[in-house]
Each structure stands twice: as C-alpha cells, then as structure tokens.
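What's counted below: heavy atoms across the whole structure, side chains too, no hydrogens, waters or symmetry copies. Note on naming: letters A, B, ... go to the chains in the order of the sequence lines (proteins, then strands), and numbering restarts at 1 for each one.
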Number of protein chains: 2
Amino acid sequence: MLDLHRGRILREVARLGSMTAAARSLAYTQPAVSHHIARLEAEVGTPLVIRHGRGVLLTEAGRILVEHIDDVLARMDDTEERIAAIAGLRAGRVRAAVFPTAAAALIPDALARLRARAPGVTVTLDEAEPNTAVAALREGETDVAIVFNYDHLPPDTDTRFREIPLCDDPIRLAIPSSHPLAEKDEVNLADLAEETWASGCFRCRDHLVWACAEAGFVPSIAFATEDHVAIQRFVARGLAVTALPGLALGLHSEPDVVVPRAPALGSRHIAALVPAGPRPPAVTALLDELTAVAASLDDMNSE
Amino acid sequence: MLDLHRGRILREVARLGSMTAAARSLAYTQPAVSHHIARLEAEVGTPLVIRHGRGVLLTEAGRILVEHIDDVLARMDDTEERIAAIAGLRAGRVRAAVFPTAAAALIPDALARLRARAPGVTVTLDEAEPNTAVAALREGETDVAIVFNYDHLPPDTDTRFREIPLCDDPIRLAIPSSHPLAEKDEVNLADLAEETWASGCFRCRDHLVWACAEAGFVPSIAFATEDHVAIQRFVARGLAVTALPGLALGLHSEPDVVVPRAPALGSRHIAALVPAGPRPPAVTALLDELTAVAASLDDMNSE
DNA sequence: CGTTGTCGATAACACAAAGTCATGTTTTCT
DNA sequence: AGAAAACATGACTTTGTGTTATCGACAACG
C-alpha cells in the first residue's frame, strides 16, 4: 500500500519544485527526501519526478499522485479533527444506565454541570435497576452504570468493572403525623413490629425485611410500589409506615408525613460502575461531575 | 499524523471483533496487532477499543475512526489504481515534438501500433523543427523530441538527453523528367552546378549548400518552401532541381519528376531525444514503436 | 569561459520502529 | 474447577528511516 508519509513529501516537492526546499520545509535533510522519492518511484513502478534545471519537475504520474494525495490528506485532517474533538471533550456520547431515584436526584445536576464544562458532549440515559444496569454494562450496551447496594448484601467483586463510590443514601423511616410515635425524635424499629408496611423496589424491600429481622420481627408489607410519591401518600393517609431513601424524600415531601431518626435502617451506597481500564474522556468527565454532585449531597447528609 | 497502516489494522479489528482474528487476517502475530492498537490509542489520546468477553469492542472514538479510515482507504485504492494504470500502460499521456516530415511519415504508423498495444495511452503532437523541439524538451514542455541531423553538423552532446537513433533518411536528387540527365541512373552533383535549385527547410538548405560546396559549386536557390509537394511541382514543371529527403518522396510522388541516384548527397539521421534517466512507461512504449517503424523504413532503403 | 554555489545521488552508519517468540493474566466454555 | 482462548507484556531481531559526508552535474556569476 502507498505510504501517506511519502505522499506528503512528494506533495511538498511538487509545491516547492525542489527536493532541497521540500527537505527544509519538512525539517528533513536533503538525502532523506531524495530517498523517499526514490522509494516511492520504486514502489509505484514509474518515475514521478524528472530533473530539470536546478530542481525537479513532476511527471504525469507524479502530478496525478499529488492530486490524489491532496485529497486523501485533507480527509485525513478531517479524521484527526473528529478524533481530537472526542479526546478534547469537544464531542462525544456517553450512555448511562441509572436507577430511578438517582436519575431524578443526581443526574440532572450532573448533566447540567457537564454541559457547562463540555457543551459538545451528549449523554443518553436508560433508567434501569442495578441488576439490569450491570447486565447492560457487561454487554457493552452502556458506558456507565449508576447502582446502589446495601451493607447486608455482598459487594460486587467483578474485576471487569471499576467501582467509583458516589455517596451514601441513608434510609429514613416515614410515619404518619397522626401516629403516636410521630412526636419522638428517634424511633426504635421494634416499636413498629405490628404496623402495616409499604415498601419500594425489590432490593429496598429486601433491605427492609433484613433490617426488621435484625430488630426481631417480620414486617407485614401490604403495599409495594416503586413510586415514592405514592408510598408517601399511603403513609400520609395513615395506611402504612415505610422506610425510604433520603434521596427520595429530598425529591418530594408529602404533608402529614414525619421522618424521625431511625439509625438501625442504615444506608445504601450509591456508586458508578465503569469497565475496568482506560476510560474515554467523556466518561471520565461525567464521572467527575457525578462525584462532585454526590459529594455535595453527602455534605448535606452529614450536617 | 495518523498512520494509515495502523488504521487498516484497527479496521480489521473492528470488522472481526478480535485482535487475534485481525492478526490472522493480516498475516501478523497477535502481539503486533495489540501493539499497534495500543500505539494508536496513545497517539490519539483516547481509548479506541474496550475488552469485551473473548474479543474487543470499539469505543465511540474507535467507530468514528474506522468510518473515516474506510473512506480514506477507499480513496487510497483509487489513487493506487490510477498510478498503476500509468505504470501498466493502461493510461498515460505523452507529448512529442516532431519535425514535419516525420510527423507525416513516421508518427501515424507508430501511433497506430501504440494504440493497438496500449489503447489507454494518448499522445499529443507538436510539429517543431529540431531546434525548437530540443528547446521544448529542455523546458520540460515535451516528453519526446523527434529530430534529425546531418553528418556535416556537430552531433548533439547534451548529457541531459538520451538520443535513440531511429533511421537514416537518404537525401535524394529530384529533377524534371524533361531534363537531359533524367535518363541516367546516377548523376554527378557537379553536373547540376548551373541549374536553378529549390530547397526545403533551413537545415535542409544548409545541407544542400554544403553538399554542393563539396562538389565544387554554389547552388543558385530560387525557391524555398517547407512544402515538399510544392517543391516537387516546381521540379515537375522544369522550373528547378532539388534535393529532398527520401521520406518526403515516399509521401508523395509527383509525375514528371525523376529521382536518379546521387550518393554525394548523403543522408540525414533521424533520432528521438528524451531526457536522460528513467522514462515513464508510455514514453518507453512510444519509443519502442517508433524504432520498430523506423527500422522497417531503414530496411526499405537498404533494399 | 572558467569558477563557484546549489542541487540531486550515493554510501556508510546510527537509531527508532515494527515485527517475532515466549510467557503471563483474564475470561469463557465444558 | 479446569481447559481453551484472547489480550497484555517483555526481550530480542530485523527492517526502515533518518543522519553525515561526499560526489557529480547544472546554472549563474564575474
């Protein structure tokens, strides 16, 4: 195959009409240019330049070659620019799989920051529970998975992924304001053993059952929905008590619901998962903004 | 600048989904491909592939790069084909500067042969006297100069050119059939010292004067024209005698003109001149056909 | 009309790049 | 689990790509 580098040299020789001048222009020595032209001629099997007076003149084949090389080099420049744009955060697309609460509480702020920093980068979002998000990551269908996990569950040890911790999301107790315990600052979980419970997604429900077991009882769960506004309404109407992530409560506060302290419920750990190894710049940038937004949330929690 | 070679490798990796497969397809070893991809990534500053299961998957930057490379490589193929066509005599243009008689007597046959052998090669012709033809060659305005020279003139010793002898063109005496000497087989030049002469181009006239001087007289030249048909008419009408190149006489034979032998007139040497050094294939091919045609003319003369 | 400066070609050589083989690590399939 | 397959890594060889030094040829100058 023709070597573009040699083509560039020939082009310069054509432009300047002399090998010596081309060598100067390209910061080479004259013999280097002479050699390259000779090799190019050997490769294509026909003379490309002809000595003429002081310098050289191109043959027909040489002229045609230069025309084509011009075209090819222009497209090469385009190519480089496109890739440089991705490397320089002026372009790029990131696919993220995010669990619902984070999609509402974390992502909008992170994307706003990312847009301010790198307007050319676009992010596409897929809402997905952690399990599906990880599966998508494994299949290469997404670039970043935003997931959460509870202390009582085994951590994800898959070495193919790198876990970037984002923040801790404390699980809060929510009870009706009409409830006898509503006036206490801190509530013991065991005191709610006889209540009717509402719970969210499978994983959250699982965690609730685990926490109650630690407290010595099995909760009676009558309502299950992933809609945290709906859950709060159930609580507000006095139909149930529930445990909700702080993030969900931060998104919406229903009247007639109180949130006493209940340390036994612990917290869930929110993290971003990306494939191990080097990351595209746009992915790194998104992770940066996610950690920044998450850190400010963490600060609010610790106050 | 991006290396097309690496681009080709990346493209193959993208097509086959694995470095090992790409290596097989390109007759490389696996580490070679691995190395090239790693270097490409270092050069562009962003990951291009990501490990996925058995093989690799391309990142966004990788996919975009491959798209562009496809385009560039296609144009590279075009380029190679264009040049290969010139090298393979399927295309090409030759500019020739030819003196008038040869343009009529030599070139048409040579071009017919060349067309049969290499239909894609085109030849452009400029009629020019030897001096102008050589000047054009020196200026790079023509690729081949077809010239002639006489024995009494100094040979062209310019080392910048290579001379390819084509044939000898004997100078013939032409006299009216009504002339007293018309019945003789061989005529002595000195017997025509008192005649009125016609002559052709400057160089031919010069040669005539020289030959007559050798025979001991100065010819009285009343008619000078480059049109050999016109000259023959002058002779046919008994207005003059003349010396004409055999080639011109071969092109047109006027009635009432006889051509006795006159060895003293010698001959002119027809040759092709090309720049020294390697020659484009189309030029070589034209020279081949010219020498072939000229050789057959030489044979006719020697019979 | 020779002399001098410039250009291209060539030879010898230094260094970098591009391959290879051997081997390790990770992931998948049995 | 263990075997097979794929990418990564390291040491080494070969090839290519540059350099300096020098020659031969053309052109412009006095």
*Asks:* Are any of the side-chain heavy atoms of B:Arg93 and B:Val123 separated by less than 4.5 Å?
*Replies:* no

*Asks:* Pull out every residue in residues 36-44 of chain A that has a heavy atom closer than 4.0 Å to any atom of DNA chain D, ordered by number, or say none.
*Replies:* A:His36, A:Arg39

*Asks:* Can you check the B:Glu139 CD to D:dC26 C1' distance for me, whole Å?
*Replies:* 14 Å

*Asks:* Could you check whether A:His269 and A:Asp168, counting side-chain N and O atoms only, form a donor-acceptor pair closer than 3.5 Å?
*Replies:* yes

*Asks:* B:Arg63: which residues meet the side-chain hydrogen bond (donor to acceptor under 3.5 Å, both in side chains) condition with it, sequence neighbours left out?
*Replies:* none

*Asks:* I want to check one thing: is the phosphate of D:dA27, taken as OP1 and OP2, less than 4.0 Å away from some side-chain N or O of B:Arg160?
*Replies:* yes

*Asks:* How does each nucleotide of nucleotides 2-9 of chain C score, in 5' to 3' order, for protein heavy atoms under 4.0 Å: base (B), sugar-phosphate only (S), or none (-)?
*Replies:* ---BSSBB

*Asks:* I'd like to know if B:Glu129 and B:Arg203 make a salt bridge, using a cut-off of under 4.0 Å between side-chain N and carboxylate O.
*Replies:* no

*Asks:* Take the protein atom CD1 of B:Ile50 and the nucleotide atom C1' of C:dT27, then report the distance between them rounded to whole Å.
*Replies:* 15 Å

*Asks:* Tell me every residue that passes ring-ring contact (aromatic ring centres under 6.0 Å, His included) with B:Phe148, counting only those two or more places apart in sequence or in another chain.
*Replies:* B:Phe99, B:Tyr150

*Asks:* Salt bridge check, A:Arg95 against B:Glu60: does any charged N sit closer than 4.0 Å to a carboxylate O?
*Replies:* no

*Asks:* B:Tyr28 side chain N/O closer than 4.0 Å to the phosphate oxygens (OP1, OP2) of C:dG19?
*Replies:* yes

*Asks:* Have a look at A:Arg6 and say if it touches a base, only the backbone sugar-phosphate, or nothing, with a 4.0 Å heavy-atom cut-off.
*Replies:* sugar-phosphate

*Asks:* Using a distance-only test with no angle check, is there a side-chain donor-acceptor pair under 3.5 angstrom linking B:Ser25 and B:Glu12?
*Replies:* yes

*Asks:* For A:Leu57 and D:dC26, what is the distance between atoms CG and P respectively, to the nearest whole Å?
*Replies:* 16 Å

*Asks:* Whole angstroms only, please: what is the NE2-C1' distance between A:His5 and D:dG18?
*Replies:* 10 Å

*Asks:* Can you name the residues that form a side-chain hydrogen bond (donor to acceptor under 3.5 Å, both in side chains) with B:Glu214, not counting sequence neighbours?
*Replies:* none

*Asks:* Which whole-number value in Å describes the distance from A:His35 NE2 to D:dT15 C1'?
*Replies:* 13 Å

*Asks:* Need to verify one output field. Residue with the more 5' nearest nucleotide on DNA chain D, B:Asp158 or A:Asp3?
*Replies:* A:Asp3

*Asks:* Quick one: is A:Thr29 getting a side-chain N or O under 4.0 Å of the D:dG18 phosphate, OP1 or OP2?
*Replies:* no

*Asks:* Starting at the 5' end of DNA chain C and moving along, which residue's nearest nucleotide shows up first, B:Ala32 or B:Gly53?
*Replies:* B:Ala32

*Asks:* To the nearest angstrom, how far is A:Leu26 atom CG from D:dG18 atom C1'?
*Replies:* 13 Å

*Asks:* Show every donor-acceptor pair shorter than 3.5 Å between a side-chain atom in residues 65-76 of chain B and any protein atom, with sequence neighbours excluded, or say none if there are none.
*Replies:*
from    : atom 1 : to      : atom 2 : distance (Å)
B:His68 : ND1    : B:Ile64 : O      : 3.0
B:Asp70 : OD1    : B:Arg11 : NH1    : 3.2
B:Asp71 : OD1    : B:Arg75 : NE     : 3.4
B:Asp71 : OD2    : A:Arg75 : NH1    : 2.8
B:Arg75 : NH1    : A:Asp71 : OD2    : 2.8

*Asks:* Contact class for A:His52 (heavy atom, under 4.0 Å): base, sugar-phosphate, or nothing?
*Replies:* nothing

